[in-house]
Structure formats: structure tokens, C-alpha cells
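The structure under discussion appears below in the form of C-alpha cells.
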Amino acid sequence: MNEAEMRALLVRLAASLFARGFSVGSAGNISVRLSEGGYLITPTNSCLGSLVAERISKLDADFQHVGGDKPSKEVFMHRAFYTGRDDAGAVVHLHSTQATAVSCLPDVDRGNPIPPLTPYFVMRVGRRMPIVEYYRPGDPAMEPAIHAAARDARAVLLANHGPVVSGKTLTDAVYAAEELEEAAKLYLMLRGASPRLLTPGQVDDLLATFG
Ligand code: 13P
């Protein structure tokens, strides 16, 4: 996919997330690695519902701003995934309600708060998704913490803030962010019940088959 096509896809997927309430106001940011080199990232304070393709920020391979509007103040959050994971081709950060709710709970397993409830959560988000401690939005101090967590997790939950999800492609990262929100919803619905979880063998089978 060339840069113009990627800009158009980013506008379309971001608008879809916004239309379905995964993001409100100017919350969230999305980036994607370009096959020609460098990255696209949503501009700071932009609304995911009304991005303009030509105004999406462009970064060079060193994450320096080289085109479009001023980039998200959380470029470093995205960089933490790209430098931490060879398989990261896109990163989606949302403040989606149910995942953010889980990030606020004090009594969850901070190494992996949402258990393997469904196959698609495991297939898209992976074996584990740790909570990264709270930092002020835009605080670059969160980069090393995310980088360390991202080494063995495709996604993290920022405490009292929201999810950051990587994927091989932009579409993969968006789908993973959606599955994460649905899994968070199920987890919250089932809190207090004792749901049957996928077994470790079933999780291994899913990751071996769908990776
Ligand atoms: P930006 O508008 O700078 O991308 O920040 C939005 C956000 O989601 C902060 O966490």
C-alpha cells in the first residue's frame, strides 16, 4: 500500500472507531509504518472522527516530524512499540471506556488483568497484556516503561488512561484494539462470576494456529 492509500485507510478506520464510540473528543492517536520508510501519525488534538488525509503528520525513520500537522504529543508511546517489537507495523492508542475501566481497578493481576475469555481476544491481543503504571498523558517518561512491557506483549494498558495496541498492519492493530475493548466488557460483566477460561492448551493452540 502506498502512502496516499495508507492515509486514506487511516482516515477511514479512525472514523469508524470514532463513529462506534471507541474514541471521543480528541482522545486517542494512531500511527502506521510506511513501506517507503517513516511513519504516519495522527496530529495532536485531532478528532479521530474527522481526520484530513493530507494533514496527517509524517515522521521520518527517526520519528522526527517532516510533514503534515504537528504530531501527537505521544509519538514516544508509539516509538516504544516500534523499537520494542519487530512485528509492530501500526499502533493504536484509545481511551475506550471498558478497557480504561479495567486499567483503574486496584485489585486486578497487573501482569495480565484480562484473562483468556475468548479466542479472538487471544488471537488478536496475544497471551498477555500488562498494566503500565500511571503517567501524565504526554509524559515521555512512560516510554521506557512501555518499551520494556512491549518486548513480550503486543498491547499494554496504561493505568487510569487506556490501551495501547500494536499490530502487524494498521487493520490488525485496529481489530486488536476492538477485540480488547470487547474482552474488557466481558471481563467487567463477568466479575464476581466464575467464568470458564480458555485453558493454557487452548491458548497455545490458538497462538500456534493464528499467531
Ligand atoms: P494527542 O492529541 O496529542 O494525540 O493526545 C491524545 C491522547 O490520547 C492523549 O493520551
Side-chain angles (χ1 to χ4, degrees), residues 6-7 9-34 38-60 62-84 88-105 113 125 129-150 153-167 170 173-174 176-178 180-181 184:
M6 196 61 87
R7 284 176 183 270
L9 180 63
L10 179 41
V11 169
R12 187 166 64 71
L13 291 174
S16 169
L17 286 171
F18 186 84
R20 290 174 292 139
F22 286 89
S23 151
V24 298
S26 66
N29 35 65
I30 302 177
S31 69
V32 61
R33 193 198 301 264
L34 293 168
Y39 302 84
L40 298 176
I41 187 164
T42 49
T44 190
N45 292 325
S46 58
C47 170
L48 295 189
S50 52
L51 295 173
V52 177
E54 307 75 52
R55 294 181 62 176
I56 291 171
S57 315
K58 187 169 180 181
L59 310 177
D60 67 14
D62 296 321
F63 299 92
Q64 298 304 306
H65 182 209
V66 292
D69 287 355
K70 185 177 175 196
S72 170
K73 62 181 170 295
E74 294 181 325
V75 166
F76 58 82
M77 173 197 285
H78 296 250
R79 181 171 62 194
F81 271 92
Y82 292 119
T83 57
V91 176
V92 174
H93 166 53
L94 299 172
H95 299 171
S96 51
T97 309
Q98 322 265 349
T100 305
V102 174
S103 84
C104 299
L105 290 172
V125 178
M129 180 199 56
I131 293 180
V132 169
E133 65 179 294
Y134 177 78
Y135 293 88
R136 168 177 44 78
D139 181 352
M142 76 173 88
E143 180 167 1
I146 297 175
H147 187 270
R154 289 180 216 163
V156 301
L157 258 190
L158 305 176
N160 298 78
H161 184 169
V164 192
V165 182
S166 68
L170 182 55
V174 169
E178 294 181 14
L180 166 51
E181 181 64 5

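For this chain, numbers begin at 1 and follow the sequence in order. Heavy-atom basis, side chains included; hydrogens, waters and symmetry copies ignored. Just follow the structure's listing: the first ligand is 1, and inside any ligand the first atom is 1.
- Residue contact check for ligand 1: Thr42 places no non-hydrogen atom closer than 4.0 Å to it.
- Within ligand 1, counting atoms from 1 as listed, the ones closer than 4.0 Å to a heavy atom of Asn45 are 1 (P), 2 (O).
- Between the side chain of His93 and the main chain of Pro163, a donor-acceptor pair closer than 3.5 Å is present.
- Atoms of ligand 1 found under 4.0 Å from any heavy atom of Asn29, numbered from 1 in the order shown, are 1 (P), 4 (O), 5 (O), 6 (C), 7 (C), 8 (O).
- Shown in contact with Glu74 at under 4.0 Å from a heavy atom are these atoms of ligand 1, numbered in order with element: 7 (C), 8 (O), 9 (C), 10 (O).
- Atom numbering of ligand 1 starts at 1 in the shown order; those under 4.0 Å from a heavy atom of Ser72 are 1 (P), 3 (O), 4 (O).
- With hydrogens and angles disregarded, no donor-acceptor distance shorter than 3.5 Å links the side chain of Asp62 to the backbone of Gln64.
- Under the salt bridge (Lys or Arg N to Asp or Glu O under 4.0 Å) criterion, Arg33 pairs with no residue, sequence neighbours left out.
- Listed here is the closest heavy atom pair of Pro43 and Ser46: O-OG, 2.6 Å.
- Inclusion of Pro137 in the set of residues having an N or O under 3.5 Å from an N or O of ligand 1 is not warranted.
- Remark: minimum distance from atom 5 (O) of ligand 1 to any protein heavy atom is reached at Lys73 NZ, 3.0 Å.
- Taking distance alone, with nitrogen or oxygen atoms compared against 3.5 Å, Ser46 stays at or beyond that limit from ligand 1.
- Formation of a donor-acceptor pair under 3.5 Å by the Glu181 side chain with backbone atoms of Ala99 is found in this model.
- Counting protein heavy atoms only, atom 3 (O) of ligand 1 is closest to Thr44 OG1, 2.6 Å.
- Counting atoms of ligand 1 from 1 in the listed order, those under 4.0 Å from a heavy atom of Ser26 are 2 (O), 6 (C).
- Residues meeting the salt bridge (Lys or Arg N to Asp or Glu O under 4.0 Å) test with Arg12, sequence neighbours left out: none.
- Contact analysis puts His161 in contact with ligand 1, with a non-hydrogen atom separation below 4.0 angstrom.
- Counting only distance, with no hydrogens or angles, the side chain of Glu74 and the backbone of Gly138 share a donor-acceptor pair below 3.5 Å.
- Looking only at protein heavy atoms, the nearest one to atom 8 (O) of ligand 1 is Gly28 N, 2.8 Å.
- A 6.0 Å sphere centred on CZ of Arg20 holds more than 12 heavy atoms belonging to other residues, nucleotides or ligands.
- Not a single donor-acceptor pair under 3.5 Å links the side chain of Ser166 to the backbone N or O of Val91.
- Annotation for ligand 1: atoms under 4.0 Å from non-hydrogen atoms of His93 are 8 (O), 10 (O).
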